[in-house]
Amino acid sequence: MAYHLEAEKIDLDDLRKRIEATDLIPSRVSLLDEIGRKMKALEQQGITTLAGLRNELKNSKRLEVLANAAGIDIEYLTLLRREIEGYFPKPFALSAFDGLPKNEIAKLEQNGIRDTAALFEATRGAKRITELAESTRVAEDILEALARLADLTRIQWVSPTVARMLVAAGYENVARVATADAEELYAALARVNAEGKYFKGTIGLRDAKRLIQAASYCLF
């Protein structure tokens with residue numbers, strides 16, 4: 001299991017199903033318009049996987065060429081690109097996590113482990129955490145805490161702050177979030193935010209449902 005989705009293993013039918021199942025924000029609801037026809041049109045251009053589509057949409061010039069060839073509006077493909085890029089959250093710097101010893105994080109940085117993606121890859125499995133603790137002289141409990149946070153940041157929309165909230169609420173890994181009851185997750189996050197005052201906003205029930213769905217895609 002990698003930090004990000006293995007896009008080459010996801011075909012356009014899987015992508016269509018994901019978009020159709022997503023509680024889209026209002027500005028992206030138009031992605032559902034004739035989505036089946038549009039995915040077929042993309043396939044006819046030789047694009048068969050999410051990786052291939054992402055590559056064709058990565059810059060405006062290639063996107064425009066594809067729009068003309070497939071007969072799909074540029075505006076639609078631009079929205080599709082934004083939706084897809086959300087599936088690949090950028091790794092966070094380890095220094096972005098509050099509440100952990102800066103000197104321990106500095107040790108990891110000195111060993112080339114500077115962000116959540118690098119840490120996730122380096123700590124998959126209890127044995128690897130132990131080995132990393134020995135090689136970097138970082139306390140094992142700190143590595144375990146960081147590994148939990150790094151795992152959670154693989155979920156779309158999960159920032160370092162939300163990752164800390166999830167851990168505090170008892171959802172310490174992607175699998176726990178993916179199998180959570182939405183109302184229980186919502187209540188738990190509201191409780192820890194009230195207790196810890198992580199941020200002034202709120203995570204609503206609809207947000208909790210979105211987190212659960214997004215987490216489910218990280219399991220594959």
Side-chain angles (χ1 to χ4, degrees), residues 1-7 9-10 13-29 31-32 50 82-92 94 96-100 115-126 128-129 141-220:
M1 185 181 297
Y3 185 80
H4 284 131
L5 296 174
E6 296 182 82
K9 295 182 179 180
I10 300 172
D13 193 48
D14 292 329
L15 175 60
R16 174 187 60 78
K17 291 175 182 177
R18 175 167 181 169
I19 293 173
E20 289 177 336
T22 297
D23 180 12
L24 297 166
I25 60 175
S27 63
R28 296 187 189 170
V29 171
L31 286 173
L32 299 174
L50 175 57
R82 291 172 185 164
E83 180 68 18
I84 288 172
E85 288 307 308
Y87 303 162
F88 301 87
K90 292 182 180 179
F92 293 96
L94 298 184
F97 292 93
D98 296 329
L100 293 170
D115 60 33
T116 49
L119 185 72
F120 178 79
E121 296 297 335
T123 58
R124 285 190 292 169
R128 295 192 68 183
I129 290 177
D141 61 330
I142 298 298
L143 283 176
E144 290 172 350
L146 277 169
R148 287 192 289 269
L149 294 168
D151 182 40
L152 290 167
T153 60
R154 297 191 299 126
I155 304 172
Q156 188 177 7
W157 303 299
V158 173
S159 65
T161 297
V162 175
R164 290 173 56 225
M165 289 176 64
L166 286 166
V167 170
Y171 298 87
E172 298 188 342
N173 55 54
V174 164
R176 288 290 306 277
V177 178
T179 56
D181 175 85
E183 292 191 359
E184 290 179 1
L185 176 59
Y186 159 66
L189 289 173
R191 173 180 53 79
V192 299
N193 195 33
E195 294 172 351
K197 293 181 172 54
Y198 288 86
F199 63 94
K200 293 181 180 179
T202 60
I203 295 177
L205 179 58
R206 191 173 184 179
D207 298 318
K209 291 177 179 178
R210 284 172 169 159
L211 286 178
I212 291 169
Q213 184 192 35
S216 70
Y217 293 109
C218 297
L219 298 178
F220 303 99

Check against side chain to side chain contact (heavy atoms under 4.5 Å, CB included), Asn193 and Ile203: CA-CA 9 Å; Asn193 195 33; Ile203 295 177; over 6 Å; no
Considering only heavy atoms from C-beta outward, does the side chain of [X] approach that of [Y] to under 4.5 Å?
{"X": "Glu183", "Y": "Leu205", "result": "yes"}
{"X": "Glu83", "Y": "Leu24", "result": "yes"}
{"X": "Phe88", "Y": "Leu50", "result": "yes"}
{"X": "Thr153", "Y": "Tyr3", "result": "yes"}
{"X": "Asp98", "Y": "Thr161", "result": "no"}
{"X": "Ile155", "Y": "Leu152", "result": "yes"}
{"X": "Leu189", "Y": "Val162", "result": "no"}

Worked verdict on Leu32 versus Glu20 for side chain to side chain contact (heavy atoms under 4.5 Å, CB included): CA-CA 7 Å; Leu32 299 174; Glu20 289 177 336; 4.2 Å; yes
Search all heavy atoms of [X] against all heavy atoms of [Y] and return the closest pair with its distance.
{"X": "Tyr171", "Y": "Ala180", "value": "CE2-CB, 3.6 Å"}
{"X": "Ala208", "Y": "Ala182", "value": "CB-O, 3.8 Å"}
{"X": "Ala168", "Y": "Tyr198", "value": "CB-OH, 3.6 Å"}

Donor-acceptor under 3.5 Å (Arg154 side chain, Ala2 main chain): yes
Arg176 side chain to Val167 backbone, donor-acceptor under 3.5 Å: no
Arg206 and Asp23 ion-paired at < 4.0 Å: yes
Phe120 CZ: over 12 foreign heavy atoms closer than 6.0 Å: yes
Residues forming a side chain to side chain contact (heavy atoms under 4.5 Å, CB included) with Tyr217, sequence neighbours excluded: Leu5, Arg18, Ala21, Gln213
Arg16 vs Asp13, salt bridge (charged side-chain N to carboxylate O under 4.0 Å, His left out): CA-CA, chis, key distance, verdict: CA-CA 5 Å; Arg16 174 187 60 78; Asp13 193 48; 2.6 Å; yes
